[in-house]
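Take a look at the structure below.
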2 protein chains.
Amino acid sequence: MPEGSSPPMGQSLLFLTDEQLRKGIEAMFFAYRGFTADPDRILAQKSYGRAHHRAIHFIHRSPGTTVNNLLSILGVTKQSLNRVLRTLIEDGLVASTVGTRDKRERHLHLTETGAALERELSDAQRDRMRAAYRAAGPAAVAGFRQVLEAMMDDETRHHYEAMKEKTE
Amino acid sequence: MPEGSSPPMGQSLLFLTDEQLRKGIEAMFFAYRGFTADPDRILAQKSYGRAHHRAIHFIHRSPGTTVNNLLSILGVTKQSLNRVLRTLIEDGLVASTVGTRDKRERHLHLTETGAALERELSDAQRDRMRAAYRAAGPAAVAGFRQVLEAMMDDETRHHYEAMKEKTE
DNA sequence: CTTGGAATGTCAACAAAGCTGACGTATTGT
DNA sequence: ACAATACGTCAGCTTTGTTGACATTCCAAG
């Protein structure tokens with residue numbers, strides 16, 4: 001493993017060793033499993049998948065969002081999103097209404113049923129997140145968020161920042 | 001971060017509000033995309049996928065590991081892993097040798113070619129992780145790891161801890 | 001020693017969810 | 001009038017997960 005910074009590194013750079021970075025990578029991998037585990041269990045019972053969860057989550061966050069906007073947030077193709085969206089609309093979890101200003105657009109909202117599922121899913125996911133936050137403490141949480149934000153692609157971070165500001 | 005000066009709840013619990021938890025959830029979602037983006041690009045060129053990356057990573061970490069052991073680390077079915085493993089073996093990236101003590105087992109090692117790909121992938125992933133770590137600083141990194149560890153399932157954390165101790 | 005069950009790994013077939021490409025329709029804006 | 005945009009859909013392919021069936025190997029009870 002050829003690594004540039006070998007000899008006289010300051011103590012403060014210890015966290016940049018390949019070993020430390022590898023641990024971070026593995027932590028990210030294993031933690032993401034836990035992160036999705038609880039919603040996945042709920043979704044499996046209702047024969048939905050993670051893709052449905054993501055759509056529901058962001059429609060809840062941005063009620064009235066258009067298909068195109070959702071597309072760029074989720075980073076998938078419209079064909080892929082459409083399949084998921086179609087089943088959610090058929091099952092009555094999502095309402096799609098023609099735009100008033102621009103009739104080409106479809107505005108997406110959660111129905112009562114959709115909102116109920118959203119709550120069930122995010123409650124489960126928040127419970128785990130809350131437990132992790134509580135165990136780690138406020139300082140750790142601040143660091144957690146900082147590192148995650150620094151890890152995003154620039155374009156992705158743009159979406160994240162936009163969502164972030166929406167409710168504060 | 002212009003937040004948190006208003007609510008009437010104890011300052012120390014501010015990080016446990018639903019709003020904060022939701023931000024953490026979205027940060028996790030968006031950051032994971034960045035986390036896998038660079039390896040994904042490399043893998044796509046060679047017509048491999050994320051599953052191949054994971055197998056290669058953990059075979060590199062635990063040379064001589066058995067299929068069963070790899071299975072429990074990755075958390076997939078043996079049939080799913082087998083498909084990935086078969087192409088890696090056919091392509092000469094992984095060597096599978098029959099166990100000496102127990103001939104039912106197969107011991108897995110990376111070949112030279114396999115090790116080369118592993119280096120390419122983990123270099124790319126480490127580069128991004130390093131940039132994120134550097135931007136966030138050592139204290140944030142410690143918090144990042146703490147929260148991730150607290151987020152894991154118990155069984156998963158067991159695997160993580162085992163890997164962690166392996167090289168320190 | 002034999003034999004039946006458990007463990008390990010392989011093959012086959014199917015499902016979820018991503019992708020590309022092509023095309024149709026309605027609407028907008030130049 | 002016409003090009004561009006937003007959306008939906010069909011067809012087909014890939015990756016990666018799943019279950020079910022099966023071969024091989026080991027071990028322990030009879």
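Labels below follow one simple rule: chain letters A, B, ... track the order of the sequence lines, proteins then strands, and each chain is numbered from 1. Atoms considered below: every heavy atom in the structure, side chains included; atoms not considered: hydrogens, waters and symmetry mates.
Atoms CG (Leu43(B)) and C1' (dT14(D)) sit 14 Å apart, rounded to a whole Å. Rounded to whole Å, the distance from CD on Glu90(A) to P on dG8(D) is 13 Å. The interatomic distance linking Gln45(B) (CD) with dT14(D) (C1') rounds to 17 Å, in whole Å. Atom CG in Asp102(A) sits roughly 8 Å away from atom C1' in dT5(D) (whole-Å rounding). Atom CZ of Arg101(B) is separated from atom P of dT8(C) by 11 Å (rounded to the nearest Å). With rounding to whole Å, His107(B) atom NE2 is found 12 Å from dT8(C) atom P. As a whole-Å value, the separation of Asp40(A) CG from dA16(C) P is 14 Å. To the nearest angstrom, P of dT8(C) lies 14 Å from CG of Leu108(B).
The line from CZ of Phe35(A) to CE of Met28(B) is 6.0 Å long, rounded to the nearest 0.5 Å.
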Protein and nucleotides 10-13 of chain C: nitrogen or oxygen contacts under 3.5 angstrom:
| unit_1 | atom_1 | unit_2 | atom_2 | d |
| --- | --- | --- | --- | --- |
| dT10(C) | OP2 | Asn82(B) | ND2 | 2.3 |
| dC11(C) | OP2 | Arg86(B) | NH1 | 2.6 |

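Annotation: of the two residues near DNA chain C, Lys103(A) and Tyr48(A), the 5′-most nearest-nucleotide partner is Tyr48(A).
With respect to the salt-bridge test (charged N to carboxylate O, under 4.0 angstrom), the residues Arg145(A) and Glu149(A) qualify.
The side chain of His52(A) places no N or O atom within less than 4.0 Å of a non-bridging phosphate oxygen (OP1 or OP2) of dA16(C). For Thr77(A) and dC19(C), the shortest distance from a side-chain N or O to OP1 or OP2 is below 4.0 Å. Considering only side-chain N and O atoms, Asn68(A) lies under 4.0 angstrom from the phosphate OP1 or OP2 of dC7(D).
At distances below 3.5 Å, not a single donor-acceptor pair connects side-chain atoms of Thr65(B) with backbone N or O atoms of Ile59(B). Although no hydrogens or angles enter the test, the distance criterion places a donor-acceptor pair under 3.5 Å between the side chain of Arg33(B) and the main chain of Leu74(A).
With distances taken from any side-chain atom of Ala51(B) to the nucleotides dC7(D), dC26(D), dT16(D), the minimum falls on dT16(D).
Taking Tyr48(A) as the reference, His52(A) meet the ring pair (Phe, Tyr, Trp, His ring centres under 6.0 Å) condition, with sequence neighbours excluded.
Residue contacts shown for Gly75(A) are limited to sugar-phosphate atoms, with no base heavy atom under 4.0 Å away.
Judged by distance alone with a 3.5 Å cut-off, a donor-acceptor contact links the side chain of Arg104(A) to the base of dT5(D).
The aromatic rings of Phe58(A) and Phe30(B) sit tilted relative to each other, their planes meeting at an angle between 30° and 60°.
With no hydrogens or angles considered, a side-chain donor-acceptor pair links His57(A) and Glu26(B) at under 3.5 Å.
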